[in-house]
Amino acid sequence: FPALLSALGNVEVRLNPDLASLDFGPLTTVEGDLEVTGNPLLTSFSATSLASARAGVTVVDNASLTSFDLRSLVNVDLSPPPVSPPQPVVGPTPTPGSSVDVEDNPALTSFDLNRLSNVAKVVVSNNVSRTRLPALPAPSAGSSVEVVPYSGLVDLTPPAGLTKLLHVLV
């Protein structure tokens, strides 16, 4: 995606039997979901410029995936963007609840969510090759963290910049 800077909806890379690698280039914003699922030969992908995926990030069921890089991702949140000056809300407001899901990638050995600072939920499960989790968000006041048994878990370190989180499931 050499010229794509933003997506107004979802970006889905799904069920591509021959895809081996993927680079999202200069993509900085996804207003919907970023989904990378069911790509059996995909070994790596990067979205190093992506700062916001408002509806969520899903990396699930990529049998050969060993690494991915979302090093610039800061915001995963459905809350409406701030308006200046604040305006009255008409109709229902979106409920924050966006998540980062990294599941069922049996060859995964590394991934980067180092700058993630605004997310409702992070789920990391069934990535059997993982021995070290990346820096993941720590809870803010009024939030919760749930850690469940995880085969091979060595370390869980929160990033220093986290400002908002509702739930972590590992």
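These numbers come from the heavy atoms of this one structure, side chains and all, not from hydrogens, waters or symmetry mates.
Within the 4.5 Å cutoff, no side-chain heavy atoms of Leu27 are placed close to those of Leu5. Between Thr66 and Leu108 the shortest side-chain heavy-atom distance does not fall below 4.5 Å. No side-chain heavy atom of Leu19 sits under 4.5 Å from any side-chain heavy atom of Leu41. Counting heavy atoms from C-beta on, the side chains of Val59 and Asp101 never come closer than 4.5 Å. Taking the side chain as every heavy atom from C-beta outward, Leu116 and Val76 approach each other to under 4.5 Å.
Within the structure, salt bridge (charged side-chain N to carboxylate O under 4.0 Å, His left out) contacts touching residues 63-73 (residues at least two apart or in different chains) are Asp69-Arg71. Pairs engaging residues 25-69 under the ring pair (Phe, Tyr, Trp, His ring centres under 6.0 Å) rule: Phe45-Phe68, Phe68-Phe111 [sequence neighbours left out].
Of the possible polar contacts, none joining the Ser6 side chain to the Thr29 backbone as a donor-acceptor pair under 3.5 Å is found. For Ser110 (side chain) and Ser67 (main-chain N/O), no donor-acceptor pair under 3.5 Å exists by modelled atom type. With hydrogens and angles ignored, the 3.5 Å screen pairs no side-chain donor or acceptor of Ser21 with any backbone N or O of Ser44. With hydrogens and angles disregarded, a donor-acceptor distance shorter than 3.5 Å links the side chain of Asn39 to the backbone of Asn16.
Qualifying side chain to side chain contact (heavy atoms under 4.5 Å, CB included) partners for Thr28, counting only residues two or more places apart in sequence or in other chains: Ser49. Listed by chain and residue number, nothing satisfies the salt bridge (Lys or Arg N to Asp or Glu O under 4.0 Å) test with Glu103 (two or more places apart in sequence, or in another chain). Residues passing the side-chain hydrogen bond (donor to acceptor under 3.5 Å, both in side chains) test with Asp61, sequence neighbours excluded: none. Under the rule for a side-chain hydrogen bond (donor to acceptor under 3.5 Å, both in side chains), Thr58 has no partner lying at least two apart in sequence or in another chain. In this structure Glu12 satisfies the side chain to side chain contact (heavy atoms under 4.5 Å, CB included) test together with Asn10, Arg14, Glu35, sequence neighbours excluded. Take Ser52 and apply the side-chain hydrogen bond (donor to acceptor under 3.5 Å, both in side chains) test, not counting sequence neighbours, and it matches Asn75.
Between the OG atom in Ser72 and the CG atom in Asp112 there is a gap of 8.5 Å [rounded to 0.5 Å]. The line from CG of Asn62 to CG of Asn105 is 5.0 Å long, rounded to the nearest 0.5 Å. Within the model, atoms CG of Asp104 and OG1 of Thr37 stand 11.0 Å from one another, a figure rounded to the nearest 0.5 Å.
Closest approach of Asp23 to Ser46, counting heavy atoms only: OD1-OG, 3.3 Å. Taking each heavy atom of Leu70 and Leu34 in turn, the nearest pair found is CD2-CD2, 4.3 Å. Across all non-hydrogen atoms, the minimal contact from Ala63 to Pro106 is O-CG, 3.7 Å.
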Show your reasoning for whether side chain to side chain contact (heavy atoms under 4.5 Å, CB included) applies to Leu50 and Val30.
CA-CA 8 Å; Leu50 185 67; Val30 175; 3.9 Å; yes
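Hydrophobic clustering (side-chain heavy atoms under 4.5 Å, transitive across Ile, Leu, Val, Met, Phe, Trp, Tyr) keeps Leu22 apart from Val60. Side-chain heavy atoms closer than 4.5 Å link hydrophobic residues (I, L, V, M, F, W, Y) into clusters, and following such links, possibly through other members, connects Phe24 to Leu4. Residue Val102 is grouped with residue Val11 when hydrophobic side chains (ILVMFWY) are merged at heavy-atom distances under 4.5 angstrom, including chains of intermediate members.
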